[in-house]
Undergrad: 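Take a look at this one; I'll ask things after.
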Amino acid sequence: MALGRWVAPCVTLLMLSACAGTTHLSFLDPQGPVADAQRWHFYWVLGIMAVLVAGPIFLLLPFLVWRYRYGNKASRYTPRWEHSRLLEIMSWSGPILIIIVLAFFVWRDTHKLDPYKVLASDQAPLQVEVIGYDWKWLFIYPDQGIASIGTLALPTGRPILLHMTSATVMQSFFIPALGSQIYAMGGMVSQLNLEASKPGKSLGENTMYSGNGFHQQKFTALAMSPADFKTWVSKVHATGLPLDTQNLEIIARRSIRSDLIAALPRARSMDGNVYFTGVSRSLFPAVVMATMDGKPTLPDSAFGRTGTATQDSDAADAAMGQAR
Amino acid sequence: MSIAAIFDHPLGRIEWSSLPFWQMFQQPTEGNIINGCITTGAAFMVVVGAIVLVLLLTKYRLWRPLWSNWLTSPDHKKIGIMYIVIALVMLARALIEAVLMRAQQAFGLGGGFLSPDHFAQLFSTHGTIMIFFMAMPFLTGVINYVMPMQIGARDVSFPVLNSISLGLTAAGAALVMVSLVIGEFSTGGWFGYPPYTEISFSPGVGPDYWIWALSLAGLGSTLTGINFAVTIYKERAPGMTLMRMPLFTWTALCTAIIMIFAMPPLTVAMAQLALDRYLGFHYFTNALGGNMMNFTNLFWLFGHPEVYILILPSFGIFSEVFSTFSGKALFGYRSLVMATMAIAILSFTVWLHHFFTMGQNANINAAFGIASMLIGIPTGVKVYDWMWTMFRGRIRFTVPMFYAIAFILLFVIGGITGILLANPTIDYQVHNTVFLVAHFHNVAVPGVLFGLLAGYHFWFPKVFGFRLDERWGKVSALCWIFGFMGAFFPLYVLGIMGLPRRSVAYTQPSYVPFEIVAFLGALLLGLALITLLVQLWVSIRRRDQNRVFVGDPWDGRSLEWATSAPPPEYNFAVIPVVEGRDAFTTAKENGRAYLQPDTYADIELPNNSAMGPVIAAIGFALAFGLVWHIWWLVVLAFLAVIASMIIRGFARDTARIVSAQQVRREHQHWIDAVATATAISRADECKSANVGLALQATDGVVP
Amino acid sequence: MSPQSIKHPGLNLGAAHGKDNDAAETVMFGFWVFLMSDAILFGMVFATYVTSLHGTAGGPGPRDLYDIKSVFIETLLLLASSFTFGMASLALKYKHSKTRLIGWMVVTLVLGVAFLAFELHDFGDMFAKGGVPSRSGFLSAFFDLVPLHGLHVTAGCIWLLSLLGQIARYGVDTKTKLGIMRLALFWHFLDIVWIAIFSVVYLAGLT
């Protein structure tokens with residue numbers, strides 16, 4: 001009966017997530033090894049609890065209530081009976097044993113699935129830096145010199161190492177179908193390791209309430225083959241806007257993504273995303289430092305050129321010159 | 001700030017735009033009109049409710065009785081009733097808000113009818129009220145009424161302090177109500193994490209209302225905790241050893257101890273956030289060395305023990321209910337006491353599980369995860385001991401038993417999801433989603449609320465002298481039970497489908513069916529509250545058929561049943577002498593339940609004191625002044641606090657005497673009623689033949 | 001007197017005083033419980049201070065701001081006031097003349113006020129050196145902890161004045177005695193807290 005309560009919604013859920021098709025919402029519909037391991041951990045704990053905790057109680061309680069109802073004069077009645085060593089030992093030892101078993105799982109899997117642990121692979125993880133703004137996430141690919149808002153593109157089969165911070169209030173970065181969520185906090189850097197095992201779209205979001213646009217702070221985690229990822233990177237290089245002081249100031253405004261796109265006319269052709277190119281490695285640390293110091297504007301070095309200089313970043317420098 | 005500035009802005013930052021309908025007239029868009037109408041309607045209800053109350057009190061000339069019989073009364077029973085009245089009023093408001101939120105989400109695919117800001121205020125007030133101004137006053141009220149009687153005392157140790165605690169809680173509740181009429185409430189949720197609640201991100205008055213309401217309530221609870229703990233340690237009747245105390249009193253003691261230790265972190269967190277907001281300090285800001293993680297630690301160092309402050313008294317109530325309505329001694333008393341104490345201690349060791357996702361290392365997370373699971377052990381023991389209490393009993397399906405049985409079944413599910421959440425690995429997935437919302441409602445509604453409602457039905461006849469209507473009670477109980485299931489089981493699924501809590505709208509069509517079921521569940525919960533009020537109305541009308549003046553309608557086991565219903569203000573004409581556990585049952589079995597003493601003595605009772613209402617008024621004025629930057633009011637109120645304390649220090653005639661003759665007269669009246677009453681068997685418990693005298697069992701034969 | 005009847009040395013109540021003695025017991029116990037809660041409050045503020053030590057945000061730190069000489073004088077003043085309050089308690093216990101009791105209380109009050117004056121002077125110095133609470137997380141935490149203690153001492157002084165007024169009005173009756181006893185606990189408690197502040201904030205900050 002206890003299981004029934006659980007199995008029914010779970011089955012419905014899986015059907016629905018299959019129907020939804022395009023976007024994967026849940027760790028019960030995992031798209032990577034972390035979420036997959038979390039799913040099995042979830043089933044194990046749920047199974048143990050359903051069989052060992054809910055099962056006996058859901059069987060025993062209705063029986064007791066029926067058997068010892070006031071109207072049933074045939075059942076035994078012992079008004080002063082209040083102690084039984086055997087039952088006491090059972091009442092204590094049962095939960096203790098269950099918790100010992102579960103504690104083993106907790107210790108093992110908390111270490112195994114530590115979000116800070118770099119996933120084992122023969123490839124070096126792809127570095128992504130995430131900055132939380134109100135109400136959008138900025139994804140910086142420092143090795144590629146690009147950045148994106150709205151889509152987090154990932155090559156399948158390669159671990160991803162995310163460093164995150166917030167340029168505003170506390171946020172929580174979360175892609176359920178890929179793995180864990182971790183807070184992004186101003187002036188601090190937290191980490192998360194994920195991996196996508198097959199191509200597809202997964203829901204990405206902020207789960208920590210952050211104001212009026214909170215519910216629209218979603219993005220797509222777009223897993224693609226390594227070859228497609230290369231193409232995507234070069235497409236961003238080709239079409240991206242410069243990530244200069246001016247554009248960063250527009251990003252930092254409290255706005256949802258569609259308002260941001262409206263404020264950046266050249267971003268309208270990007271299918272609801274915003275791409276940037278010529279992004280400096282020093283941008284992310286500069287944002288962390290600036291938030292820590294309470295200074296709204298970043299130093300010039302934050303926008304320094306990367307190895308892949310383009311006209312855009314020259315334009316960025318020019319724009320910054322004006323800003324100065 | 002110069003003196004002139006104070007006169008330039010005598011009302012601080014109150015402006016026309018602080019009124020709820022202002023924006024709707026200034027910018028009459030469709031959204032503004034809908035939200036404006038809802039807020040204006042709510043404000044209207046508050047104002048009209050207050051006006052009607054004032055008019056009725058004036059019309060029936062009740063101001064003086066209200067003042068001298070209630071507001072200034074140091075009687076723990078009246079203070080208890082006033083706490084519960086506050087709780088029920090606040091329950092009504094927070095439940096309406098809950099239904100509104102569920103309605104919004106049911107229509108929330110891509111929009112809905114509420115603005116994000118309005119929705120955020122709703123979830124913030126809902127949470128704040130349900131914790132601080134519904135559950136806390138409710139359980140404080142029940143403990144206040146019942147605990148001193150269960151230990152055979154005439155009052156709590158510090159009756160005037162008790163009245164002051166009530167005043168502080170009432171002032172906090174009033175502040176939350178006033179936020180409906182003037183200004184806005186916080187949008188930061190009930191735990192209001194900075195830096196979102198800092199001045200740079202939330203410059204309005206909302207977080208200030210929240211800070212000062214919580215500070216007032218928290219201070220009141222600290223004093224209550226001290227009062228209850230001292231009462232239980234010092235005021236027990238002769239023979240009432242600790243291990244003879246009824247289990248409800250044990251849970252009251254544990255709750256009081258938790259209050260004493262857990263409230264200071266809240267006070268510190270609120271004070272620091274206030275200093276950040278008012279004076280530009282940097283405790284929790286992003287910049288200049290502030291650290292928001294300190295707030296999460298301080299808040300949950302209070303917040304997690306708070307959960308057990310809420311649920312332990314309910315466990316106590318259920319213990320009394322299971323034992324009474326199974327006609328049996330509580331099974332495993334010693335185990336239950338140990339389990340309660342274990343929970344109280346463990347409650348301080350698990351706070352970090354509220355933020356597994358903040359990036360601590362795996363050792364810390366795993367340790368706190370296991371510590372959280374440990375609480376499952378004493379809780380599991382309790383569930384089994386309650387079931388063994390029913391084993392070989394004679395179970396009567398009264399309203400409190402409806403709640404109690406549903407509680408076990410539903411609470412087990414809430415406990416299982418709690419264990420799931422205690423796994424950091426799983427918490428990484430469902431933290432901050434509506435799965436979490438489903439979980440804590442699954443323990444808070446069947447656990448806390450059902451317990452308090454069971455207690456309400458159980459002790460109502462003791463408090464007012466007549467039983468509540470059984471049929472409406474059962475209708476209401478079923479509405480609560482099934483409404484709860486409808487409203488919250490879908491949220492488990494939605495949480496697993498990745499819906500973050502506090503989402504005003506969403507874009508996934510697959511959420512809709514679950515949201516609609518949850519909305520229907522919420523409607524049923526609304527109906528549950530209405531049926532509860534109908535039950536009260538019906539019961540008051542039929543009160544003369546349901547009187548139980550003799551005072552023992554349920555064949556009760558502890559001392560609160562050993563006196564008339566309602567009890568005299570001094571509770572017991574003669575302080576009872578306790579000979580064992582289940583003191584009243586023992587007395588009934590030995591034929592010593594309704595004896596008349598040879599002599600009566602004068603009884604000393606505390607005098608009425610205006611300190612409670614005065615502190616309530618000053619506290620409210622101080623907080624209101626702080627919220628709106630009305631500095632002259634703040635200064636005046638602050639001076640008034642000091643002055644009132646000093647004046648109280650000079651008070652000397654703080655006690656009055658109830659004469660032995662009066663005690664004799666009143667006791668005689670009751671003894672006569674006992675003598676003429678017909679004892680009834682448990683089969684007639686819910687009929688009007690039940691005047692509160694129970695037929696006694698002889699071994700093996702059930703009356 | 002049998003040992004168990006001396007529940008509160010300093011308070012001349014005992015078994016012979018019956019109900020007053022019991023009532024005193026409850027009041028004193030209640031105050032102990034309150035102090036326990038207050039101790040947690042200070043504990044939390046200490047924790048905030050310790051975790052904020054590195055949060056100077058480039059602003060002045062302990063070495064730039066603390067003046068050990070002045071703090072040492074404050075410590076001596078407060079310790080002396082605890083001693084004089086102890087003398088007041090003894091005067092109460094051995095039923096010395098009312099004048100002596102009042103005398104010791106007044107000395108305590110003067111020492112308390114002197115402590116506060118020195119402390120305010122210190123704060124003024126810190127402000128002058130740029131050590132304002134809005135400068136950094138560290139200074140915020142400092143101005144949470146030390147002034148919280150100062151506010152407690154201020155409350156103690158007001159309470160002391162109120163008790164002197166009660167003695168003038170009612171003499172040394174049971175309620176006044178209980179007031180003095182509780183204030184004594186409070187005063188010694190604040191002394192202990194100050195020793196913790198002196199060690200954790202000032203000594204540790206300057207080494």
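Throughout, a chain's letter reflects where its sequence line sits, starting with A, and its residues are numbered from 1.
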Undergrad: Look up atom CG in A:L52 and atom CD1 in B:I416, then write down how far apart they are to the nearest 0.5 Å.
TA: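 Result: 10.0 Å between the selected atoms.
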
Undergrad: Are B:R334 and A:E88 within salt-bridge range, i.e. N to O under 4.0 Å?
TA: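 Here B:R334 does not pair with A:E88 in a salt bridge, since their nearest N and O are not under 4.0 Å apart.
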
Undergrad: In terms of heavy-atom pairs under 4.5 Å with chain A, which of B:R501, B:M293, B:E198 leads?
TA: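 Going by pairs under 4.5 Å, I would pick B:M293.
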
Undergrad: Is there a side-chain contact between B:T389 and A:E82, using heavy atoms and a 4.5 Å cut-off?
TA: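 Not in contact.
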
Undergrad: Do A:V106 and B:F368 have side-chain heavy atoms sitting under 4.5 Å apart?
TA: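 A:V106 does not reach B:F368 side chain to side chain.
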
Undergrad: Heavy-atom distances under 4.5 Å only: say whether A:K112 touches chain B with side chain, backbone, both or neither.
TA: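 No part of it gets close to chain B.
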
Undergrad: Between A:S166 and chain B, which part of the residue has a heavy atom less than 4.5 Å away: side chain, backbone, both or neither?
TA: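 A:S166 has no heavy atom closer than 4.5 Å to chain B.
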
Undergrad: May I ask you to decide if the ring planes of A:Y183 and B:H431 are parallel, tilted or perpendicular, using 30° and 60° as cut-offs?
TA: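 Tilted: the ring planes of A:Y183 and B:H431 meet at 30° to 60°.
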
Undergrad: Heavy-atom pairs under 4.5 Å with chain B are the metric here; pick the option from A:G294, A:A35, A:S210, A:S190 that has the most.
TA: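 Of A:G294, A:A35, A:S210, A:S190, A:S210 has the most heavy-atom pairs under 4.5 Å with chain B.
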
Undergrad: Output, in order, the C-alpha distance, side-chain angles, deciding distance and verdict of side-chain hydrogen bond (donor to acceptor under 3.5 Å, both in side chains) for B:W388 and A:S84.
TA: CA-CA 10 Å; B:W388 300 135; A:S84 149; over 6 Å; no

Undergrad: Which region of B:S124, side chain (C-beta onward) or backbone (N, CA, C, O), has a non-hydrogen atom less than 4.5 Å from a non-hydrogen atom of chain A, or is it both or neither?
TA: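 For B:S124, there is no contact with chain A at all, as no heavy atom is under 4.5 Å.
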
Undergrad: Using a 3.5 Å distance criterion without hydrogens, assess whether the side chain of A:Q38 forms a donor-acceptor pair with backbone atoms of B:T425.
TA: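 Judged by distance alone, yes, a pair lies under 3.5 Å.
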
Undergrad: Would you mind telling me which of A:S172, A:G179, A:A177, A:P56 has the largest number of heavy-atom pairs within less than 4.5 Å of chain B?
TA: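 Counting heavy-atom pairs under 4.5 Å, the top option is A:G179.
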
Undergrad: For chain B, which candidate among A:A103, A:A37, A:G71, A:G187 shows the most heavy-atom pairs at distances under 4.5 Å?
TA: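 Maximum pair count with chain B is reached by A:A103.
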
Undergrad: Counting heavy-atom pairs closer than 4.5 Å to chain A, which one of B:G380, B:G332, B:G369 comes out on top?
TA: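 Answer, by heavy-atom pair count under 4.5 Å with chain A: B:G332.
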
Undergrad: Could you go through A:L28 and B:M497, starting from their C-alpha distance and side-chain angles, then the distance that decides it, and tell me whether this counts as side chain to side chain contact (heavy atoms under 4.5 Å, CB included)?
TA: CA-CA 8 Å; A:L28 298 188; B:M497 290 164 78; over 6 Å; no

Undergrad: Please flag which part of A:Q181 lies under 4.5 Å from any non-hydrogen atom of chain B: side chain, backbone, both or neither.
TA: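 Its backbone and side chain both get close to chain B.
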
Undergrad: Is it the backbone or the side chain of B:M401 that comes under 4.5 Å from a heavy atom of chain A, or both, or neither?
TA: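 Neither part.
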
Undergrad: Looking at A:R76, A:M90, A:M188, which has the largest count of heavy-atom pairs under 4.5 Å with chain B?
TA: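 Heavy-atom pairs under 4.5 Å are most numerous for A:R76.
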
Undergrad: Taking side chain as everything from C-beta outward and backbone as N, CA, C, O, which of these in A:L203 sits under 4.5 Å from a heavy atom of chain B? Side chain, backbone, both or neither.
TA: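 Contact with chain B is through the side chain of A:L203 alone.
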
Undergrad: Show, in sequence, the C-alpha distance, side-chain angles and deciding distance for B:F123 and A:Y209, and conclude whether the side chain to side chain contact (heavy atoms under 4.5 Å, CB included) test is met.
TA: CA-CA 11 Å; B:F123 69 65; A:Y209 185 78; 3.8 Å; yes

Undergrad: Give, as side chain, backbone, both or neither, the part of B:S326 having an atom under 4.5 angstrom from any heavy atom of chain A.
TA: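 Backbone only.
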
Undergrad: Side chain from CB out, backbone as N, CA, C, O: work out which of these in B:S503 comes under 4.5 Å of a heavy atom of chain A, or both, or neither.
TA: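 Both backbone and side chain of B:S503 come within 4.5 Å of chain A.
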
Undergrad: Can you name the closest pair of heavy atoms from B:L409 and A:F58 and give their distance?
TA: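 Heavy-atom minimum between the residues: O-CZ, 3.4 Å.
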
Undergrad: Where does A:H83 contact chain B at under 4.5 Å (heavy atoms): side chain, backbone, both or neither?
TA: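 Contact with chain B involves the backbone of A:H83 alone.
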
Undergrad: Is A:R254 close to chain B through its backbone or its side chain, or both, or neither, when contacts mean heavy atoms under 4.5 Å?
TA: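 Just the side chain, heavy atoms under 4.5 Å.
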
Undergrad: Would you please say whether a donor-acceptor pair under 3.5 Å links the side chains of A:S75 and B:R394?
TA: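 Indeed, the side chains of A:S75 and B:R394 share at least one donor-acceptor pair under 3.5 Å.
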
Undergrad: Quick check on the interface: out of B:N363, B:L499, B:I405, B:V412, who has the most heavy-atom pairs with chain A under 4.5 Å?
TA: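 If we count pairs closer than 4.5 Å to chain A, B:N363 comes out on top.
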
Undergrad: Could you label the plane-to-plane angle of the A:W81 and B:F331 rings as parallel, tilted or perpendicular, counting under 30° as parallel and over 60° as perpendicular?
TA: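 Ring orientation, 0 to 90° scale: tilted.
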
Undergrad: Answer whether the closest heavy-atom distance between the side chains of B:T433 and A:F174 falls below 4.5 Å.
TA: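 Yes; the side chains approach each other to less than 4.5 Å.
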
Undergrad: Which of the residues B:P194, B:A505, B:G376 is involved in the greatest number of heavy-atom pairs with chain A at under 4.5 angstrom?
TA: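 Among the listed options, the one with the most contacts to chain A is B:A505.
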
Undergrad: If only atom types and distance count, is the side chain of B:N286 paired as donor or acceptor with the main-chain N or O of A:A167 below 3.5 Å?
TA: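 Not at all, since once roles are kept as given, no pair shorter than 3.5 Å links the two residues.
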
Undergrad: Please determine, among B:T585, B:V383, B:D385, the option with the most heavy-atom pairs under 4.5 Å with chain A.
TA: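 Ranked by heavy-atom pairs under 4.5 Å with chain A, first place is B:D385.
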
Undergrad: Heavy-atom distances under 4.5 Å only: say whether B:F201 touches chain A with side chain, backbone, both or neither.
TA: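 Both parts, heavy atoms under 4.5 Å.
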
Undergrad: Measure distances from B:F295 to the heavy atoms of chain A and classify the residue's part below 4.5 Å as side chain, backbone, both or neither.
TA: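 B:F295 has no heavy atom closer than 4.5 Å to chain A.
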
Undergrad: Please tell me whether A:Y70 and B:F397 form a close aromatic pair, meaning their ring centres lie under 6.0 Å apart.
TA: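 A:Y70 vs B:F397: aromatic centres not under 6.0 Å.
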
Undergrad: Less than 4.5 Å to any heavy atom of chain B: does that hold for the side chain of A:D293, its backbone, both, or neither?
TA: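 Answer is backbone: N, CA, C or O of A:D293 sit under 4.5 Å from chain B.
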
Undergrad: Donor-acceptor check, side chain of A:S26 to backbone of B:I496, threshold 3.5 angstrom: yes or no?
TA: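 A pair under 3.5 Å: yes.
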
Undergrad: B:F119 versus chain A, heavy atoms under 4.5 Å apart: side chain, backbone, both or neither?
TA: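 Neither the backbone nor the side chain of B:F119 comes within 4.5 Å of chain A.
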
Undergrad: Which atoms of A:F214 come close to chain B, meaning under 4.5 Å heavy atom to heavy atom: side chain ones, backbone ones, both, or neither?
TA: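 For A:F214, the side chain is the part near chain B, not the backbone.
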
Undergrad: I'd like to know which of A:L102, A:D114, A:I99, A:I98 tops the heavy-atom pair count under 4.5 Å against chain B.
TA: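 When all of A:L102, A:D114, A:I99, A:I98 are compared, A:I99 has the most.
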
Undergrad: Which bit of B:F355 is near chain A, if near means a heavy-atom gap under 4.5 Å: side chain, backbone, both or neither?
TA: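 Both the backbone and the side chain of B:F355 come within 4.5 Å of chain A.
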
Undergrad: Should A:R39 and B:Q429 count as side-chain neighbours, where that means a heavy-atom distance under 4.5 Å?
TA: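 Sidechains of B:Q429 and A:R39: no contact.
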
Undergrad: Let's test your reading of the structure: which of B:P195, B:P424, B:G393, B:A329 forms the most heavy-atom pairs below 4.5 Å with chain A?
TA: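 Top count of heavy-atom pairs under 4.5 Å with chain A: B:G393.
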
Undergrad: Looking at side-chain heavy atoms only, is the closest gap between B:M338 and A:W92 below 4.5 Å?
TA: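 They are in contact (side-chain heavy atoms under 4.5 Å apart), so the answer is yes.
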
